[in-house]
K.L.:
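The following block contains the structure, expressed as structure tokens.
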Amino acid sequence: MKTTLSQVQLDPSGAHLDEDRPAQFSLDRRGFLQTLGAGVLITVAADGASAQRRGGGGRGPAPIAARIHLGEDGSLTVLTGKVELGQGARTEVALAAAEELRIAADQLRVILADTDLVPDDGVTAGSRTTPGTIPAVRRGAAAARDVLVELAARQWQVDASTLAVTNGAVVHGPTKRRLTYAELAGTGSLDEALGRSIPDGVELTPVAEWKVLGVSTPRANARDLVTGTHQFPSDISRPGMLYGKVLRPPSFGATLASVDLAEAQALPGVTVVRDGDFLGCVAPTAFAASAALAAVAKSATWKTVPQPSSDELWEYLREHASGGRSGDGKEVRAALSSAVKSLSAEYHTAYLQHAPMEPGVGVAEWADGRLTVWVSTRGPFPVRARLAQTFGVSADQVRVIVPDSGGGFGMKSGDDVALEAAHLAKAVGRPVRVQWTRREEFTWAHFRPAALIEVRGGLDATGALVAWDFVNTNSGGSAVDTPYRVSRKRCEYRPSNSPLRQAPYRALAATANNFARESFMDELAVAAGADPLAFRLAHLDNPRLRAVLEAAAARFDWTRLKAAAKPNVGVGLSCGTEKGSYVAACAEVAVDRERGTIDVRHVCEVFECGAILNPSNLRSQVTGCILMGLGAVLREEIRFKDGRILNPRFSQYEVARFEDVPELDIHLLNRPDLDSVGAGETPIIALAPAVGNAVFHATGVRIRSLPMEGAALRKA
Amino acid sequence: MDSQPFETFRSSVSGRSETCPELSTVVGLTVNGKEQTVTTEPQRPLLDVLREDLQLIGTKYGCGEGACGACSVLLDGEVVRSCITPASAAAGRSVTTIEGIADGDRLHPVQEAFAEHGVLQCGFCAPGMVVAAAALLRGTPRPTKAQIVEALNGNLCRCGTYPALVAAVQEAANDVGEANQR
């Protein structure tokens, strides 16, 4: 029997899955067709080649970026492995498919990150959704459109080129005949129509003809978000679900020496689960689980090991750096020593917590030997693989579902909390939710790597940059190269032995590398007696980078503001490129030398990422990057000692608040002639150096360390 | 009191007990206009009672120390942080959660403004923001930008929607004002 979507039985409890997600639990791969209904499934390879097959299961040789299901009832569904963490992936996928299918975005549904249904499109990271997944979705949707046109052409006995597609229907202009997708899909000819391959060069809608893409589109589920009915991973509840808490060591590297479980085990409704070093408590409420865990923790003794502290971080990273410097070091040294002026400096950026609003959470349920986990993660398939490996089951026996989640910013790996929930659920034979506290998240999750950056530069007699030596220790190689013209350069990254567990942050190491490079360019401009804008432009060939820098300077009225010196008020600028997009920022600050604080009054940022897909969402992402960057510039810093985080709370780790928001002038430079690239990361990299350069302009004090507020600014 | 200054959140400590649960007690309270009776440890956070016992999942856990505002609810009309409010403190009182902000199917003007203007990114902070903003507008129908910032400053958003939220509250205030004039 063929099952259409509307006939899929909803979970009896009704309240456990997203409305737009097929609400059928314990679905295996064979259930795929039953869930989506009869129809045609088009799979789109990530590498640009298109392939299609009927039915679910199996994988082509190339990674599959998306599946598009065309139901016999005319329903349209897009399935990708990407996750929605607030960056707007769900809407972007919908817009891309709708554009090529010539329908409104709300006429199709998007299924993300359910490993039973979606293809493995890799981890949601590196701004890859826009340049990777979106073109694949567009190709698949365009291919589906072509199939429908072909069907109509055959039915009417006309040439396909005489047909047009509008509003979800194929139209024959001369005879004013019209067939909707539903009518075409219902003819039963889909299979036959797909008997031949879809050409790789399927025609995509040119930017100039976009009707859906390129138009500001808010979240489809905005109403659910503002009424509190959207189910985040933290909100998933299963029948009979219990709450779990896991015992944490008091410090990094500590191991359990002894523990007495009797008191906790005696508590009503509490189950204590111990499996080697893993120890957790399960109870009917989170409060009872916490109380049981507290009883366990009280009795525990630990063997601790020495751990470095943040006070000695820079020497520690330097000492533990691996690999010597490489490349043309000799030539750079020679160029530096023959330079008329040479400078050297060391820049630092602190460990940060990504601090998404929703801390790590996982809900696990075992049924008939099959494990389902709802978890907030950027990598549903890696989590599935780790769960399968840990519990000795095949990957097909594990289903990972990622409901649209409360932020990530690079940190949400999700595997720890998924494993903990699955472990406890297996032990107690009931579904279990493990919700990390903010303190747990600020201790046991990952951190944005700290950076130690040593940079040297040389100028010739004309003030031109002739030597550049830039080494990032520990934080990474993103944007480590310089976009400026210089005859001799060495730009490299040396890993170190990080005392904290690290994970990518927005734009990865580009936040640190751009801060150091753009601050040091300012130092060189001063040494050359040049205006920072003119100095940059004199060394900048890339037209896209020049364009954003010149636009930002013009909008900000750089030349006038730079000349208008006021006590403790200053302006700074910076630019940068990463992941194929370009950004420049100008900032005005007022510095309070007594209190060691910076009031960032005004930020003008120009950003260019090719053709803009969803302007309002892009603006939100740029704004978000500036404000996330602002906290990191001013105050955010994870401090640690003896294996403990000293400030594992929002009251001690101060992210940007409403009162910190400067006047913002954000300009999105649209380039319809260029491919769209991701935008959730690069806009963050220009803020820190622009503010630092403004602080220098205001006070003559060069701050070479993030965060900037505090003692350095006071006593300097 | 529409909002507590952040300084008080900063110094407050978690309401979560570090000891064994005390004996359960019966707490009667009104939630979104409906009388409820829950059996709970008196020190258990109101947040947990709402989410776990009453399945009102719109109120979020964000920090457990009253420093982020994700768990904001109204207690007898005043904004409180439900993660540091013991269940016993709600006994005999009236709680309004995000689920009780709309008038049936008719969204509160703040909700309308948040939903319509592309304000939202991840949306996890939205319920707390809506509760705080709705409380502000009830006491101060025509707030200045500074008053909005002051009222919402204890609510964190990590996606950086602050400017859009301020604009949306201003617009909602206009809607409320017009409705009052009609």
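Note that the structure is predicted; figures quoted are calculated from it, not measured.
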K.L.:
Can you say whether A:T217 sits under 4.5 Å from chain B via the side chain, the backbone, both, or neither, judging by heavy atoms?
P.N.:
neither
K.L.:
Could you tell me whether B:R44 and B:D53 make a salt bridge, using a distance below 4.0 angstrom between a side-chain N and a carboxylate O?
P.N.:
yes
K.L.:
Below 4.5 Å, heavy-atom pairs only: which of B:T59, B:L120, B:I101 has the largest tally toward chain A?
P.N.:
B:L120
K.L.:
Closer than 4.0 angstrom, basic N to acidic O: yes or no for A:D235 and B:R51?
P.N.:
yes
K.L.:
Which residues from residues 156-166 of chain B are near chain A, with near meaning under 4.5 Å between non-hydrogen atoms?
P.N.:
B:L156, B:C157, B:R158, B:C159, B:G160, B:Y162, B:P163, B:L165, B:V166
K.L.:
Listed by residue number, which members of residues 102-115 of chain B have a heavy atom under 4.5 Å from any heavy atom of chain A?
P.N.:
B:D105, B:L107, B:Q111, B:F114, B:A115
K.L.:
Under 4.5 Å heavy-atom distance to chain B, tell me which part of A:Q621 shows up: side chain, backbone, both or neither.
P.N.:
both
K.L.:
Heavy-atom distances under 4.5 Å only: say whether A:R433 touches chain B with side chain, backbone, both or neither.
P.N.:
side chain
K.L.:
What I'd like to find out is whether the side chain of A:F232 reaches to under 4.5 Å of the side chain of B:K60, using heavy atoms alone.
P.N.:
yes
K.L.:
Between A:R506 and A:E681, does at least one N-O distance fall below 4.0 Å, as a salt bridge requires?
P.N.:
no
K.L.:
Return the set of residues passing side-chain hydrogen bond (donor to acceptor under 3.5 Å, both in side chains) with A:D660 (not counting sequence neighbours), or none when no residue passes.
P.N.:
A:R635
K.L.:
Between A:S616 and chain B, with a heavy-atom cut-off of 4.5 Å, which part of the residue counts as in contact: side chain, backbone, both or neither?
P.N.:
neither
K.L.:
Heavy atoms only, distances under 4.5 angstrom: which of B:V119, B:V149, B:T40 has the most pairs with chain A? Name it, please.
P.N.:
B:V149
K.L.:
Can you find a side-chain donor-acceptor pair between A:R657 and B:N155 that sits under 3.5 Å?
P.N.:
no
K.L.:
Once side-chain hydrogen bond (donor to acceptor under 3.5 Å, both in side chains) is applied, do any residues pair with A:R601, and if so which ones, sequence neighbours excluded?
P.N.:
none
K.L.:
Measuring only between side-chain heavy atoms, which start at C-beta, is B:V130 closer than 4.5 Å to B:P127?
P.N.:
no
K.L.:
Would you mind checking which part of A:L664 comes under 4.5 Å of any heavy atom in chain B, side chain (CB onward), backbone (N, CA, C, O), both or neither?
P.N.:
side chain
K.L.:
How close do A:A283 and A:V270 get, heavy atom to heavy atom, and via which atoms?
P.N.:
CB-CG2, 4.0 Å
K.L.:
Side chain, backbone, both or neither: which part of A:Y243 has a heavy atom under 4.5 Å from chain B?
P.N.:
side chain
K.L.:
Can a salt bridge be assigned to the pair A:E441 and A:R649 using a cut-off of 4.0 Å between side-chain N and carboxylate O?
P.N.:
no
K.L.:
Which one wins on heavy-atom pair count under 4.5 Å against chain B: A:Q87, A:M241, A:H354, A:R439?
P.N.:
A:H354
